[in-house]
Peer 1: 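Quick one: structure below, then a few questions.
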Amino acid sequence: MSDQQKELRGSPPNYEALRLMAAGTLGAALLGLSSLTFAGTVIFLILAAPFLVVFSPILVPAAMILILSTAGFLFSGGSGIGGLAAILWLYRKARGQLPYAADQLDFVRMKVASKAWDMKERAKEGGQFVQNKAQENTEA
């Protein structure tokens with residue numbers, strides 16, 4: 001066995017090269033599928049365009065109804081899930097089973113509230129300062 005073959009057998013595999021080859025192969029395959037999908041979509045659109053023009057007085061209102069109803073269902077579902085999550089959170093808080101990092105959330109909430117109060121006070125002081133300066137300038 002030659003020295004070069006012994007070195008190849010004894011050295012660890014180069015995982016970076018393997019990752020690069022796998023990523024390149026996967027990327028090329030996905031790019032090929034993407035181009036085929038795009039070509040099929042363009043061909044379908046070319047063939048369907050005359051039908052879309054002829055049936056547009058029917059399809060446009062139907063599409064609008066479909067989009068609005070889908071948006072309504074998604075919004076109502078999301079609101080329902082949000083409501084259930086809020087109720088579950090309140091239930092756990094009432095039972096003493098505080099959610100993960102609830103004490104940290106309370107600390108952050110109090111800190112934000114205190115900073116907001118500080119900024120409100122500073123804005124009042126700044127407004128009074130500007131008002132006093134304006135009065136001094138009008139009197140002088």
Side-chain angles (χ1 to χ4, degrees):
M1 203 178 271
S2 71
D3 291 334
Q4 197 173 31
Q5 288 176 343
K6 287 180 185 176
E7 286 180 19
L8 287 176
R9 285 190 180 181
S11 66
N14 189 355
Y15 289 112
E16 286 298 317
L18 292 175
R19 288 182 189 144
L20 183 65
M21 288 174 45
T25 304
L26 183 63
L30 290 175
L31 187 62
L33 287 173
S34 166
S35 63
L36 285 175
T37 305
F38 179 72
T41 304
V42 168
I43 291 170
F44 176 75
L45 190 59
I46 289 170
L47 294 175
F51 295 107
L52 290 174
V53 169
V54 170
F55 293 113
S56 66
I58 298 169
L59 293 177
V60 170
M64 288 175 56
I65 290 171
L66 183 66
I67 289 170
L68 290 174
S69 63
T70 302
F73 281 125
L74 289 175
F75 181 74
S76 67
S79 297
I81 289 172
L84 286 175
I87 290 171
L88 181 63
W89 186 80
L90 286 172
Y91 175 73
R92 285 185 178 169
K93 187 163 183 151
R95 289 196 44 149
Q97 300 170 336
L98 294 176
Y100 176 72
D103 53 343
Q104 293 173 350
L105 287 173
D106 288 337
F107 174 74
V108 169
R109 182 182 53 82
M110 293 300 289
K111 196 169 185 176
V112 167
S114 116
K115 287 292 181 184
W117 188 80
D118 288 343
M119 292 302 292
K120 177 183 166 186
E121 291 300 316
R122 285 185 186 178
K124 279 183 184 178
E125 291 172 5
Q128 289 174 354
F129 177 76
V130 169
Q131 191 176 20
N132 290 340
K133 284 293 184 180
Q135 281 181 347
E136 288 176 7
N137 288 338
T138 56
E139 290 175 0

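Predicted model only: the values in this text are computed from it and were never measured.
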Peer 1: Treating Ile, Leu, Val, Met, Phe, Trp and Tyr as nodes and any side-chain heavy-atom pair under 4.5 angstrom as an edge, say whether Leu26 and Leu18 lie in one connected cluster.
Peer 2: no
Peer 1: First locate atom CD of Gln131, then atom NZ of Lys124, and finally report the distance between them rounded to the nearest 0.5 Å.
Peer 2: 13.0 Å
Peer 1: If you round to the nearest 0.5 Å, how far is CD1 of Ile46 from OG1 of Thr41?
Peer 2: 11.0 Å
Peer 1: Output yes when a side-chain donor or acceptor of Ser76 lies under 3.5 Å from a complementary backbone atom of Gly72, and no otherwise.
Peer 2: yes
Peer 1: Hydrophobic clustering (ILVMFWY, side-chain heavy atoms < 4.5 Å, transitive) - are Met64 and Phe73 grouped together?
Peer 2: no
Peer 1: Please round to the nearest 0.5 Å and tell me the distance separating atom CG of Leu59 and atom CG of Leu66.
Peer 2: 11.0 Å
Peer 1: When you group the ILVMFWY residues by side-chain heavy-atom contacts below 4.5 Å and let the links chain together, are Leu45 and Phe51 in the same group?
Peer 2: yes
Peer 1: Look up atom OG1 in Thr70 and atom CD1 in Ile65, then write down how far apart they are to the nearest 0.5 Å.
Peer 2: 11.5 Å
Peer 1: Can you name the closest pair of heavy atoms from Pro61 and Ser56 and give their distance?
Peer 2: CD-O, 4.0 Å
